[in-house]
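In what follows, a structure is listed as structure tokens, so that the remarks can point back to it.
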Protein chains: 2
Amino acid sequence: MNHNEQLKLENQLCFSVYACSREITKMYRPYLDQLGLTYPQYLVLLVLWEHHETTVKALGAELYLDSGTLTPLLKRMEEAGLVKRERSKEDERKVMVHLTTKGEELREEASIIPDAMAANSGLSKEEFKKALTGFQQLLDHIHSVNEK
Amino acid sequence: MNHNEQLKLENQLCFSVYACSREITKMYRPYLDQLGLTYPQYLVLLVLWEHHETTVKALGAELYLDSGTLTPLLKRMEEAGLVKRERSKEDERKVMVHLTTKGEELREEASIIPDAMAANSGLSKEEFKKALTGFQQLLDHIHSVNEK
DNA sequence: GATATTTAAGTTGTGCACAATTTAATTTTA
DNA sequence: TAAAATTAAATTGTGCACAACTTAAATATC
């Protein structure tokens, strides 16, 4: 591929991933609107439904987000009564984040989302799994390149 | 997969795409910083390097963005001397966007980016092409689902 | 040919992302 | 153990994204 072809939008992997990510988020929106959640807030809940309690730091490591993004986001979620934030007694640099009853209960309502989204994606179970694995590998690789 | 497994972060295709998109953008950043561009601004230039002149509407159709995003973005690019915006004489609802000499000249400097990024991605030529095709199909599909 | 509808861009307001900096607590090391 | 370095969150400022709305021009319909 020559330089001219390489600079065409249609040949950019970066763009197809970027556009795909935003279209996927749009696909979630009607479902998340019903729960009063944004997409990043939903991701935070996915982590908390699994671990129940975590720190801002650990949450950031899972979601590839920093405190600059998470602090205001978690404040909004606390405002909405979904999570509780409190300074750790053992290490006062850390802030513990855990679910409230309301946040815990949303799990039940959210449980239908994955099936609905998988169906909307138009991918078979095998394609879905293959795409997931491919992405996680690419993510790992690029993340390690970026760390350097 | 049961509901419990389905709600784990590690099984979300949406998350791996979302995180991948942001990590890819980070990979571009040092290169784009040198050109004084943000990632979406780079995408606008990719379109303009190909078409030279377009409208806000057409640009939005290519990039899946609306005027709410593009108008301020294009104003910043105009401020930076990269593009020129002017109302169409034939149809005064439309705003034509075209490159300035400076915007045109950036193409040369940007021409090294695709090779550098492809190398950083760690994908072979075949893997890259396969991933690109897979994504474009997924993007098309989800976009058409979202339209309804 | 006047009125209604549609279209294109811009505006307003909210919520991420993220770089850069600040503050405060903990750990290291001299 | 006092000083230096590191760590965790929070803060500040900029730039997207996008929903909802406004404005103005063009097209359709009556």
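Protein chains get the first letters and strands the later ones, always in sequence-line order, with residue 1 at the start of each.
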query: Please give, in whole Å, the distance from C:dA25 C1' to A:Lys89 NZ?
result: 15 Å

task: Under 4.0 Å from any heavy atom of chain A: name the first and the last nucleotide of DNA chain D that qualifies, 5' to 3'.
output: D:dT7 to D:dA19

query: Could you give all pairs that pass the side chain to side chain donor-acceptor pair (under 3.5 Å) test and reach residues 25-44 of chain A, with sequence neighbours left out?
result: A:Glu23-A:Lys26

- request: Decide if atom CD of B:Glu79 counts as having more than 12 heavy atoms of other residues, nucleotides or ligands within a radius under 6.0 Å.
  value: no

message: According to side chain to side chain contact (heavy atoms under 4.5 Å, CB included), who are the partners of A:Glu53, at least two apart in sequence or on a separate chain?
response: A:Met96, A:His98

- prompt: Could you walk me through whether B:Glu5 and B:Lys8 pass the salt bridge (Lys or Arg N to Asp or Glu O under 4.0 Å) check?
  reply: CA-CA 5 Å; B:Glu5 281 296 307; B:Lys8 287 186 178 171; 2.9 Å; yes

- prompt: Side chain of A:Asn11, backbone of A:Gln6: donor and acceptor closer than 3.5 Å?
  reply: no

message: Looking at A:Ser88 and A:Asp91, would you say the former's side chain and the latter's main chain have a donor-acceptor pair under 3.5 Å?
response: yes

message: When you measure from the side chain of A:Thr100 to the backbone of A:Gly81, do you find a donor-acceptor pair of N or O atoms at a distance under 3.5 Å?
response: yes

- prompt: Hey, can you pull the residues of residues 28-63 of chain B with a non-hydrogen atom under 4.0 angstrom from DNA chain D?
  reply: B:Thr38, B:Pro40, B:Gln41

message: Counting only heavy atoms and a strict 4.0 angstrom limit, can you tell me which residues of residues 16-27 of chain B come near DNA chain C?
response: B:Tyr18, B:Arg22, B:Lys26

message: side chain to side chain contact (heavy atoms under 4.5 Å, CB included) for A:Thr55 and A:Val97? Distances and angles first, verdict last.
response: CA-CA 6 Å; A:Thr55 63; A:Val97 183; over 6 Å; no

query: For DNA chain D, what residues of residues 64-73 of chain A have any heavy atom nearer than 4.0 Å?
result: A:Ser67, A:Gly68, A:Thr71

message: Let's go through A:Glu92 and A:Arg87 carefully: what are the C-alpha distance in whole Å and the side-chain angles of both, what is the deciding distance for salt bridge (Lys or Arg N to Asp or Glu O under 4.0 Å) to 0.1 Å, and is it a yes or a no?
response: CA-CA 6 Å; A:Glu92 294 202 7; A:Arg87 285 274 161 195; over 6 Å; no

field: Over 12 foreign heavy atoms within 6.0 Å of CD, B:Glu108
entry: no

task: Round to a whole Å and report the spacing from CD of A:Glu92 to C1' of C:dT27.
output: 16 Å

- request: Rounded to the nearest 0.5 Å, what's the gap from CD1 on A:Ile142 to CZ on B:Arg22? Could you check?
  value: 12.5 Å

message: According to a hydrophobic-cluster definition based on side-chain heavy atoms being under 4.5 Å apart (Ile, Leu, Val, Met, Phe, Trp, Tyr only), do A:Met77 and A:Leu32 belong together?
response: yes

message: Please say yes or no: joined through hydrophobic side-chain contacts below 4.5 Å, possibly via intermediate residues, are B:Tyr18 and B:Val145 part of one cluster?
response: no

